[in-house]
Amino acid sequence: MADIMEKFWSAPPVTRTIVAAMFAESALVHGGLLDPSYIVHFTPFLYQFPPHLWRLLTPFLLTGSGFSFVFDLYFMFTYASGLELNSPSFTQPGDFFIYIVFIATVVWLTAGLFLSSYIFTQAFMLAIIYTYAQDNRGRKAHFVIFQIPVELLPWAMLTLTLIMGGPGAALQQVTGVVAAHLYDFLTRLYPTFQGGRNFIQTPAAVRRFFGADQSAFTRKPYGTSFRAGQPAAQQQSRGWTSGFTNSWSGRGAGRRLGGD
């Protein structure tokens, strides 16, 4: 148990918050302590007074029951933390948070308003897995008892949903792929290959909230680390370990040994 909590607290902040909220809400619902009718998406409740604004969030957090409770939490923790920590798409503080807001909004519009779905967790999770798969092409992933190329993982999960839940459940879940692909198109494909503008930018206030205005350097008991995407201090580029160019620059003209 101590190892699980240590791993949980070492997870990045957005992933840690989502997983904790999923655990709390799902435990209350599946334990019979919370009526699920209070947390599912139902549009009329959003327009009454006072509006049930929590229903904009809670439909993304309810896992399945039984073994699905464990697997859903595991998949969310594994793939969301993998994206938040290592994805080349999220290099600045707050980028992953904006990604989460974007895919959740698209899933809400498609699955919620167009398909009248009540729970969005599976679509939300599939969006994260799809983005993870795109970032990690060429690697292997575990699916049930098999190892498959990670880029096939979203489609394998969608196929399993189609078999076990039917076309309706699969159609709801595929909205997650739509959301993730739309984000990829707007932030990478369209700006890179069509020369267009990236309209999904992380606001400065969000960057500051996630620590963009803090020093890049963090003093730790075992040494000094710095955040990726921020340049190291210039004075540290003159040591012997800073590369051939910088290590010899500023050392004078030099003299040949044995010369006059």
Please tell me if the side chains of [X] and [Y] come closer than 4.5 Å, counting only heavy atoms from C-beta onward.
{"X": "F124", "Y": "M76", "result": "yes"}
{"X": "E25", "Y": "I39", "result": "yes"}
{"X": "P203", "Y": "I98", "result": "yes"}
{"X": "F60", "Y": "V107", "result": "yes"}
{"X": "R197", "Y": "P191", "result": "no"}
{"X": "T121", "Y": "L61", "result": "no"}
{"X": "R55", "Y": "L46", "result": "yes"}

What are the two closest heavy atoms between [X] and [Y], and how far apart are they?
{"X": "L83", "Y": "I128", "result": "CD1-O, 3.5 Å"}
{"X": "P154", "Y": "V150", "result": "CD-O, 3.7 Å"}
{"X": "A123", "Y": "Q172", "result": "CB-O, 3.5 Å"}
{"X": "T110", "Y": "V106", "result": "OG1-O, 2.7 Å"}

side-chain contact (heavy atoms from CB on, under 4.5 Å) between L158 and V174: does it pass, once the steps are laid out?
-> CA-CA 7 Å; L158 193 58; V174 82; 3.8 Å; yes
Report yes or no: do [X] and [Y] belong to one cluster of Ile/Leu/Val/Met/Phe/Trp/Tyr joined by side chain heavy-atom distances under 4.5 Å?
{"X": "F199", "Y": "L109", "result": "no"}
{"X": "V177", "Y": "F120", "result": "yes"}
{"X": "F102", "Y": "L57", "result": "no"}
{"X": "M125", "Y": "V40", "result": "no"}
{"X": "I129", "Y": "L182", "result": "yes"}

[X] side, atom [atom1]; [Y] side, atom [atom2] - distance, nearest 0.5 Å:
{"X": "L73", "Y": "M22", "atom1": "CG", "atom2": "CE", "value": "5.5 Å"}
{"X": "Y74", "Y": "S68", "atom1": "OH", "atom2": "OG", "value": "15.5 Å"}
{"X": "I100", "Y": "I18", "atom1": "CD1", "atom2": "CD1", "value": "4.0 Å"}
{"X": "D35", "Y": "L28", "atom1": "CG", "atom2": "CG", "value": "12.0 Å"}
{"X": "Y118", "Y": "S116", "atom1": "OH", "atom2": "OG", "value": "7.0 Å"}
{"X": "L153", "Y": "L126", "atom1": "CG", "atom2": "CG", "value": "8.5 Å"}

Near-ring test Y99/F96, centroid separation under 6.0 angstrom | yes
Between F23 and F69, is the ring centre distance below 6.0 Å?
-> yes
For the residue pair W108 and H41, categorise the inter-ring angle as parallel (less than 30°), tilted (30 to 60°) or perpendicular (more than 60°).
-> perpendicular
Return the orientation label for the W54 and H52 ring planes: parallel under 30°, perpendicular over 60°, tilted otherwise.
-> parallel
Determine whether a donor-acceptor pair (N or O, by modelled atom type, separation under 3.5 Å) exists between the side chain of [X] and the backbone of [Y].
{"X": "E84", "Y": "V14", "value": "yes"}
{"X": "S81", "Y": "T78", "value": "yes"}
{"X": "N136", "Y": "A133", "value": "no"}
{"X": "T161", "Y": "A169", "value": "no"}

F90, CZ atom: more than 12 neighbouring heavy atoms under 6.0 Å = yes
Donor-acceptor pair between D135 and S87 side chains, under 3.5 angstrom = yes
Who pairs with R139 by salt bridge (charged side-chain N to carboxylate O under 4.0 Å, His left out), at least two apart in sequence or on another chain?
-> none
Output, in order, the C-alpha distance, side-chain angles, deciding distance and verdict of side chain to side chain donor-acceptor pair (under 3.5 Å) for T187 and N198.
-> CA-CA 5 Å; T187 59; N198 180 5; 5.4 Å; no
Could you check F45 against F42 for ring pair (Phe, Tyr, Trp, His ring centres under 6.0 Å), going step by step and ending with a plain yes or no?
-> CA-CA 6 Å; F45 285 122; F42 190 57; 5.3 Å; yes
Which of T175, D72, T63 passes side-chain hydrogen bond (donor to acceptor under 3.5 Å, both in side chains) with Q122? Answer is D72
With R207 via side-chain hydrogen bond (donor to acceptor under 3.5 Å, both in side chains) - residues at least two apart = none
Please report the C-alpha distance between Y183 and T131 in whole Å, then the side-chain angles of each, then the deciding distance to 0.1 Å, and finally whether the side-chain contact (heavy atoms from CB on, under 4.5 Å) criterion is met.
-> CA-CA 9 Å; Y183 180 89; T131 303; 5.8 Å; no
Summary of ring pair (Phe, Tyr, Trp, His ring centres under 6.0 Å) pairs that have at least one residue in residues 125-164, sequence neighbours excluded = Y79-Y132
